[in-house]
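Reading through the structure tokens given below for one structure.
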2 protein chains.
Amino acid sequence: MTVIFSKKCEYGLQAVLYLSAIEPGQIVSSDEIAKKLGIPKEFVSKILQSLTESGIVSSKKGKAGGFSLAKEPGKIRLIDIVAAIDGLGIFNSCVLGFPQCSPDHPCPLHEKWGKLRTEAYEMLTGETLDELRGKTMKKMKSL
Amino acid sequence: MTVIFSKKCEYGLQAVLYLSAIEPGQIVSSDEIAKKLGIPKEFVSKILQSLTESGIVSSKKGKAGGFSLAKEPGKIRLIDIVAAIDGLGIFNSCVLGFPQCSPDHPCPLHEKWGKLRTEAYEMLTGETLDELRGKTMKKMKSL
DNA sequence: ACAAAATCAGATTTTTTTATCTGATTAAAG
DNA sequence: CTTTAATCAGATAAAAAAATCTGATTTTGT
Ligand code: SF4
Ligand code: SF4
């Protein structure tokens, strides 16, 4: 199957987007996130754990614990989440996976693909969670 | 890991590109393709088998057998290969895999992603193997 | 006719990804 | 202090994708 983000990454993006839509300062449990987004609870939990290490979300243990953003939404971009989970490999490796690829012998897709890849990168880099908040909240309310 | 095409699809594209670069009428064995592209031989073989069913390549059995394009390179587009192997799902399903997604409540990426997806589609649809042949041959000679 | 070299078909193995389970730790609340 | 509800950590299981193996069939050339 053709895929862009791994499941892990999809879920991570969804979860962080979810966190960016709640009241600042509030905390939500992985259970709530899992239920709202229809993701296996333990999986969400694991992913958020790894994002905690990356400094994107922060966690609070114990009763009434849960997750929240670790920094202001104005300082988090979607690319940060992708980088933390899937890495940025896709943005500097080639679509076709040709061996021994050098700029001297570009494959037929090189140019166009490069352009597209840059646009994708910009899409994920351009706006912060802050700027996306309006749309995000609408989306989350509809779940 | 972030991926665009499955390995199968990558290999399929590479192999068909390879076939489009040889002399018209010639036939090459899966063994040669595998060696040149550094792909497991049986895997190439399997993928080309499936592309045979899709009518993109044709195969000749027996000694001195092998594979070749099934139609003129002017009638094959990259998207045809992708469609045959990975399907076109990616072009009408959403990046983030949100459940219950309706146009009423677009996620923050909807618009930009849609645009990008269309461009990707056009990239794979726009040119035929014929038009790519120049670059393809250069690439193949460098392997 | 026979041997060699190839595809074909399908089973099997290995690896990676996705998901689940279990127990420990932590912290709030009664 | 004890109960409860949460994260955390790491092992394990299940599913999917990638790769390999095996044997049959087909065709060419000797
Ligand atoms: S030439 Fe460029 S686009 Fe093509 S396979 Fe190599 S790196 Fe990728
Ligand atoms: S709103 Fe659009 S882009 Fe966003 S998840 Fe849904 S279909 Fe995908």
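Naming: A, B, ... by sequence-line order, numbering from 1 per chain.
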Problem set entry | Interatomic distance, A:Lys7 NZ vs C:dT16 C1' [rounded to whole Å] | 16 Å
Exercise. Hey, does the side chain of B:Ser30 come within less than 4.0 Å of C:dT7's phosphate (OP1/OP2), counting only N and O?
Worked result: yes
For this session: Ignoring backbone atoms, establish whether B:Tyr11 has a side-chain N or O less than 4.0 Å from OP1 or OP2 of D:dA19.
Result: yes
Seminar exercise, completed: Of the candidates C:dT20, D:dT26, D:dC21, the side chain of A:Pro40 sits closest to C:dT20
Problem set entry | Salt-bridge criterion met for B:Glu119 and B:Lys115 (N-O under 4.0 Å) | yes
Problem set entry | Rounded distance in Å - CD (A:Gln14) to P (C:dT18) | 13 Å
Exercise. Looking at D:dT7, C:dT7, C:dT20, which one has an atom nearest to any side-chain atom of A:Phe43?
Worked result: C:dT20
Seminar exercise, completed: Between A:Gly62 and B:Gly65, whichever has its closest DNA chain C nucleotide further toward 5' is B:Gly65
Problem set entry | Nearest-Å distance for atom pair NZ/P, residues B:Lys35 and C:dA5 | 12 Å
Problem set entry | A:Lys46 NZ - C:dA19 P separation (whole Å) | 13 Å
For this session: Would you indicate what A:Lys60 reaches in the nucleic acid, counting non-hydrogen atoms under 4.0 angstrom: base, sugar-phosphate, or nothing?
Result: sugar-phosphate
For this session: Output yes when B:Glu10 and B:Lys7 qualify as a salt bridge under the 4.0 Å nitrogen-oxygen rule, no when they do not.
Result: yes
Problem set entry | Note, B:Leu69 side chain near B:Ile22 side chain (heavy atom, < 4.5 Å) | no
Exercise. Looking at A:Tyr18, is A:Lys36 sitting on its ring face, NZ or CZ under 6.0 Å from the six-membered ring centre and within 45 degrees of the normal?
Worked result: no
For this session: Provide, to the nearest angstrom, the distance between the NZ atom belonging to B:Lys63 and the P atom belonging to C:dT7.
Result: 14 Å
Problem set entry | B:Gln49 side-chain proximity, nearest of C:dA9, D:dA18, D:dG10 | C:dA9
Problem set entry | Nearest-angstrom distance from the residue atom CG of A:Leu51 to P of D:dT7 | 14 Å
Exercise. Given atom CG of B:Asp31 and atom P of C:dT7, what is their separation to the nearest angstrom?
Worked result: 8 Å
For this session: Rounded off to whole Å, could you give me the CD-to-P distance for the A:Glu10 and C:dT17 pair?
Result: 15 Å
Problem set entry | Lys/Arg N to Asp/Glu carboxylate O, B:Asp130 vs B:Arg133, below 4.0 Å | no
Seminar exercise, completed: Of the candidates D:dC21, C:dA27, D:dA19, the side chain of B:Glu42 sits closest to D:dC21
